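Whatever order the structure lists ligands and atoms in, that order sets their numbers, starting from 1. The structure displayed is predicted, hence computed values, not measured ones. Numbers here are sequence positions counted from 1.
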Amino acid sequence: MIWVIGNVDGNSYKEPFSKGILARSLRVSSIGLNQAYEIANDIENNLIERGISEISVDELAKTIARYLDTVDSGFSKKYERWRTVRKSEEPLIILIGGASGVGTSSMAFELANRLGLKNIISTDMIREVMRKIISKELNPVIHKSSFDAYESIRTPAIRVDAIIEGFISHVDVVNVGIEAIIERSIKEGISIIVEGVHVVPGFIREDLLNQGNVMMFTLIVEDEEMHKQRFYTRCRQPWVKRSLEHYMDNFSTIRKTQNFLIEQANIHHNPIINNVDFRQTIDSMVDEIIDKFGGESNDGTKSI
Ligand SMILES: Nc1ncnc2c1ncn2[C@@H]1O[C@H](COP(=O)(O)OP(=O)(O)O)[C@@H](O)[C@H]1O
Ligand SMILES: O=C(O)[C@@H](COP(=O)(O)O)OP(=O)(O)O
């Protein structure tokens with residue numbers, strides 16, 4: 001048995017070496033699961049051959065980085081810099097926005113898996129809770145979708161663009177819940193991913209975005225036909241109850257909300273990712289996160 005020795009706030013702990021934990025920690029370097037387990041196996045065998053029965057977390061991390069360097073120096077750099085992010089005093093709070101159907105839910109799940117994050121919340125769920133608290137009479141727009149909220153705007157006014165005005169009114173309410181989640185995550189030190197159409201650049205308080213390790217992405221699907229296909233693939237899953245018709249009937253307004261999100265992301269210098277190939281999307285988000293929050297790798301470089 002190999003024991004891994006760690007230290008939390010001056011208190012040391014001891015846990016059995018786990019190839020599974022090691023393999024999952026390599027995912028951040030975009031190493032496939034099979035290769036990750038092979039590497040974990042090789043490292044375990046190397047420790048056994050060296051007669052090591054106890055190793056500190058930091059020494060094990062150095063052993064892993066040295067091994068990764070023999071496979072691909074980019075892997076070891078990304079691994080080392082990711083460890084810097086994870087050793088931060090601040091929780092990692094990732095906000096993923098994007099119009100309906102672009103893939104915010106799927107990419108949130110993939111990113112959480114790649115980074116080993118355990119908490120994901122969708123803004124649709126935040127909205128459901130708010131719908132129970134806020135009556136349709138008090139605020140009808142919250143009881144609609146983001147893209148057809150304009151049908152429930154009550155205040156008569158000369159509208160520049162009713163669809164975007166409805167979207168803004170709808171998002172504005174859910175945004176209160178998003179800010180509450182960010183505040184609690186920072187207060188409690190909880191790393192989390194918040195995903196959904198209601199994550200809009202320029203709507204969330206700057207003082208929250210500037211705290212700790214908070215990062216926002218805007219996902220888009222540039223190609224209109226590909227965007228439409230996403231609804232087909234989503235609604236094909238037997239457990240999905242949302243009607244395809246609802247999205248196809250409102251597809252043009254959904255695209256209008258995407259144009260608004262792109263405008264907002266450009267105004268607020270927020271990274272926009274065209275979510276075509278999910279591996280590239282995840283790699284882009286991981287690289288942006290490590291670039292922003294990761295320290296330098298051991299050789300003093302920051303390039304990944
Ligand atoms: N990069 C991608 N490549 C292929 N399919 C994707 C990609 N991202 C999402 N999808 C698929 O598109 C559909 C919509 O994705 P989803 O995450 O539900 O969108 P959203 O949460 O933004 O409404 C799902 O079936 C999902 O599997
Ligand atoms: O309000 C909206 O735009 C969508 C967002 O959900 P996703 O399509 O992003 O999952 O919620 P809906 O009312 O369609 O359930």
Side-chain angles (χ1 to χ4, degrees), residues 30 94-114 120-132 134 136 139-153 163-175 177-178 193-200 203 216-262 264-265 272-286:
S30 60
I94 307 299
L95 311 170
I96 304 177
S100 181
V102 299
T104 58
S105 311
S106 310
M107 293 306 100
F109 177 78
E110 291 292 340
L111 183 66
N113 181 38
R114 178 78 75 84
I120 303 176
I121 186 164
S122 83
T123 60
D124 292 0
M125 290 303 178
I126 297 172
R127 178 180 63 185
E128 275 322 297
V129 173
M130 300 182 97
R131 281 173 171 169
K132 287 294 178 213
I134 304 167
K136 198 175 274 192
N139 190 311
V141 290
I142 187 72
H143 292 267
K144 300 284 284 184
S145 295
S146 68
F147 48 80
D148 63 6
Y150 68 94
E151 294 170 352
S152 295
I153 299 177
I163 291 166
I164 299 308
E165 188 180 325
F167 180 83
I168 291 170
S169 305
H170 178 90
V171 169
D172 189 42
V173 180
V174 180
N175 194 56
I178 295 173
I193 298 179
V194 183
E195 63 81 19
V197 293
H198 309 91
V199 173
V200 181
F203 280 58
M216 188 190 300
F217 296 97
T218 298
L219 299 191
I220 65 172
V221 176
E222 271 174 4
D223 181 89
E224 199 164 312
E225 195 44 45
M226 182 183 288
H227 191 176
K228 213 172 259 188
Q229 292 291 330
R230 294 285 164 84
F231 289 106
Y232 301 153
T233 53
R234 178 167 79 181
C235 293
R236 195 179 57 202
Q237 288 151 347
W239 59 83
V240 174
K241 300 288 180 282
R242 297 191 284 185
S243 77
L244 180 60
E245 198 181 352
H246 178 54
Y247 299 96
M248 291 303 100
D249 290 349
N250 292 280
F251 186 68
S252 60
T253 59
I254 290 172
R255 293 293 289 183
K256 281 194 84 165
T257 63
Q258 173 166 278
N259 293 337
F260 175 70
L261 293 170
I262 292 170
Q264 287 296 113
I272 297 173
I273 300 174
N274 186 22
N275 181 28
V276 176
D277 173 282
F278 88 88
R279 282 183 185 76
Q280 282 176 13
T281 297
I282 300 302
D283 284 347
S284 301
M285 289 200 274
V286 170

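Among all protein heavy atoms, the one lying closest to atom 1 (N) of ligand 1 is N275 OD1, 2.9 Å. Here the protein heavy atom with the shortest distance to atom 3 (N) of ligand 1 is V276 O, 3.3 Å.
In this structure, V197 falls outside the shell of residues with a heavy atom less than 4.0 angstrom from ligand 1.
The ring-ring contact (aromatic ring centres under 6.0 Å, His included) search around H143 returns none, not counting sequence neighbours. When the side-chain hydrogen bond (donor to acceptor under 3.5 Å, both in side chains) test is applied to S105, the partners found at least two apart in sequence or on another chain are E195.
Ring orientation note: the planes of F231 and Y247 are close to parallel, at an angle under 30° on the 30°/60° scale.
For ligand 1 and M107, the ligand atoms under 4.0 Å from any heavy atom of the residue are 8 (N). Remark: ligand 1 atoms within the under-4.0 Å shell around heavy atoms of T104 are 17 (O), 19 (O), 20 (P), 21 (O), 22 (O). Residue F278 has at least one heavy-atom neighbour below 4.0 Å for each of these atoms of ligand 1: 1 (N), 2 (C).
The list of salt bridge (Lys or Arg N to Asp or Glu O under 4.0 Å) pairs with a residue in residues 95-114, not counting sequence neighbours, reads R114-D283.
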Original post:
Between H198 and I126, is a side chain to side chain contact (heavy atoms under 4.5 Å, CB included) present by the stated rule, with each step listed?
Top reply: CA-CA 10 Å; H198 309 91; I126 297 172; over 6 Å; no

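Remark: ligand 1 and E195 share no N or O pair separated by less than 3.5 Å (distance only, no angle test).
Within 4.0 Å of ligand 2, contacts by protein heavy atoms are made from S100, G101, D124, R127, S145, S146, F147, V197, R234, R242, Y247.
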